[in-house]
Amino acid sequence: DTAANAMEKVPRVGVAVFLLRGKTVLLGLRRNSIGDSTYALPGGHLEFGESFEECGARELKEETGLDVEKIEFLTVTNKVFKESPKPAHYVTIFLRAALSDPLQDFQNLEPDKCSGLGWYDWDNLPKPLFWP
Ligand SMILES: CC(C)CCOP(=O)(O)OP(=O)(O)O
Ligand SMILES: [Mg+2]
Ligand SMILES: [Mg+2]
Ligand SMILES: [Mg+2]
């Protein structure tokens with residue numbers, strides 16, 4: 001029935017972006033959603049009709065104010081999150097991007113969803129990392 005369908009669990013698509021600056025990578029401490037209090041790449045839900053690259057660039061702009069270019073597909077994961085309030089199933093697309101202006105720095109534009117952004121040394125990443 002409609003109620004059951006409304007509660008139907010369906011896989012969703014997330015897009016995450018590796019943005020590197022030298023030997024550091026941009027990570028944010030997630031807040032108030034799946035993966036709360038874990039360090040994650042910036043990114044978000046693929047919206048209707050978007051390419052992977054359009055989604056990656058949009059989410060980075062929305063979350064960090066940063067403009068990026070040279071966006072490339074890297075890999076994909078497929079995972080059911082059991083620990084969130086209710087089971088969630090995500091296919092996550094991983095992209096790589098470069099800053100359009102190497103001197104531009106981030107702003108934390110969504111403090112309600114991210115406790116803070118930072119550039120972290122690739123060889124000494126913070127913990128815990130968001131699973132994907
Ligand atoms: C959970 C994750 C793999 C995909 C969704 O990412 P997100 O919670 O950052 O989504 P939004 O940035 O679109 O709110
Ligand atoms: Mg977002
Ligand atoms: Mg979003
Ligand atoms: Mg996000």
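Values below: all heavy atoms of this structure, side chains included; hydrogens, waters and symmetry mates excluded. Both counts, for ligands and for their atoms, begin at 1 and track the order of listing. Counting from 1, the numbers follow the sequence of the chain as shown.
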Which protein non-hydrogen atom lies closest to [atom], naming both residue and atom, and how far is it?
atom: atom 6 (O) of ligand 1; answer: Gly44 CA, 3.5 Å
atom: atom 3 (C) of ligand 1; answer: Thr92 OG1, 3.6 Å
atom: atom 10 (O) of ligand 1; answer: His45 ND1, 3.1 Å

Item to check | Region of Lys113 engaging ligand 1 - heavy atom pairs below 4.0 Å | outcome: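 Within the 4.0 Å criterion, Lys113 contacts ligand 1 through side-chain atoms alone.
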Checklist entry - With a 4.0 Å cut-off on heavy atoms, does Arg30 reach ligand 1? => result yes
Polar contacts were defined as any N/O atom of the residue lying under 3.5 Å from an N/O atom of the ligand; does this apply to [X] and ligand 1?
X: Phe81; result: no
X: Glu59; result: yes
X: Glu63; result: yes

Next on the checklist: Using the rule salt bridge (charged side-chain N to carboxylate O under 4.0 Å, His left out), only one of Glu63, Glu47, Glu53 pairs with Arg58; which is it?
Outcome noted: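 When salt bridge (charged side-chain N to carboxylate O under 4.0 Å, His left out) is applied between Arg58 and each of Glu63, Glu47, Glu53, only Glu47 qualifies.
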Checklist entry - His45 and Tyr90: side chain to side chain contact (heavy atoms under 4.5 Å, CB included), yes or no, with the steps? => result CA-CA 9 Å; His45 292 95; Tyr90 277 92; 2.6 Å; yes
Checklist outcome for this item: The OE1(Glu59)-the Mg ion (ligand 2)-OE2(Glu63) angle, to 10°, is 90°
Checklist entry - With a cut-off of under 6.0 Å to the ring centre and 45° to the axis, is Arg30 in cation-pi contact with Phe130? => result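 Output yes; distance and angle both within limits.
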Checklist entry - Only one of Ile71, Val15, Val17, Leu60 forms a side-chain contact (heavy atoms from CB on, under 4.5 Å) with Cys55, so which one is it? => result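 Of the listed residues Ile71, Val15, Val17, Leu60, the side-chain contact (heavy atoms from CB on, under 4.5 Å) partner of Cys55 is Val15.
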Checklist entry - Only one of Leu19, Asp121, Leu41 forms a side-chain contact (heavy atoms from CB on, under 4.5 Å) with Val25, so which one is it? => result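 The residue from Leu19, Asp121, Leu41 that satisfies side-chain contact (heavy atoms from CB on, under 4.5 Å) with Val25 turns out to be Leu41.
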Next on the checklist: To the nearest 0.5 Å, what is the distance between CD1 on Ile93 and OG on Ser51?
Outcome noted: 11.0 Å
Checklist entry - Strictly under 6.0 Å, is that where the ring centroids of Phe52 and Phe94 end up? => result no
